[in-house]
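One structure below.
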Amino acid sequence: MSGHTKADADKAQIIRDNQGNPLYAVVPFEEYQALLDADSRVTLPHDVVALMIEKDLSPMAAWRKYRGLSQARLAEQLGVTQGAVAQAEKRGNKPHIETLRAWARVLECEVAQLTE
């Protein structure tokens, strides 16, 4: 809720258990909607973004490096050639959705995090 004031926080109703521990926060619908909208944005780990910027890498290449894999090792895990990995990592390349899903599984990330 960055950018929100103390007054915004005062709009929330806190529901507590018998020991006084907070269980739920009831917030105005507008605030709830803003939280949902923010949650649907694609986010990346700082180190992935740094690799993309500092090394001018595509998201796919940055994720591979972030996970500590060589192109050859990733190719082995994907069941493709090293050349296929190199081609998929080129900036501006638009891999098929099945390619992206396979990479996401191996790299333990979301498909949306692999696209530019």
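Position 1 is the first residue of the sequence, and the numbers go up from there.
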To the closest 0.5 Å, what do you measure between CD (Q19) and CG (N21)? 6.0 Å

Any chance you could lay out the side chain to side chain contact (heavy atoms under 4.5 Å, CB included) test for V111 and W103, step after step, and finish with the verdict? CA-CA 8 Å; V111 168; W103 280 58; over 6 Å; no

Between V48 and K65, is the side chain to side chain contact (heavy atoms under 4.5 Å, CB included) condition met? List the steps. CA-CA 8 Å; V48 172; K65 286 192 170 281; over 6 Å; no

Atom pair CG (L78) and CZ (R105), whose distance is rounded to the nearest 0.5 Å: 9.0 Å

Below 4.5 Å, heavy atoms only, C-beta onward: do P59 and M52 meet side chain to side chain? yes

Side-chain H-bond candidate by donor/acceptor type, Q71 with E89, under 3.5 Å: yes

Ignoring hydrogens, what is the shortest heavy-atom contact between N93 and A88? Give both atom names and the distance. ND2-CA, 3.1 Å

Looking only at heavy atoms, what is the nearest atom pair of I14 and A25, with distance? CD1-CB, 3.9 Å

Once rounded to the nearest 0.5 Å, what's the spacing between atom CE of M60 and atom OG1 of T99? 7.0 Å

Are any side-chain N or O atoms of Q113 and backbone N or O atoms of E110, one a donor and one an acceptor, separated by less than 3.5 Å? yes

Distance from I15 atom CD1 to L23 atom CG, nearest 0.5 Å? 8.0 Å

Going only through I, L, V, M, F, W and Y residues with side-chain contacts under 4.5 Å, is there a path from V49 to W63? yes

Regarding D56 and R91, does a basic nitrogen lie under 4.0 Å from an acidic carboxylate oxygen? yes

If we ignore hydrogens and angles and just use 3.5 Å, is the side chain of R64 paired with the main-chain N or O of V85 as donor and acceptor? no

Which distance, rounded to the nearest 0.5 Å, do you find between the CG of L114 and the CG of L107? 6.0 Å

CG on L44 to OH on Y66, rounded to 0.5 Å: 10.0 Å

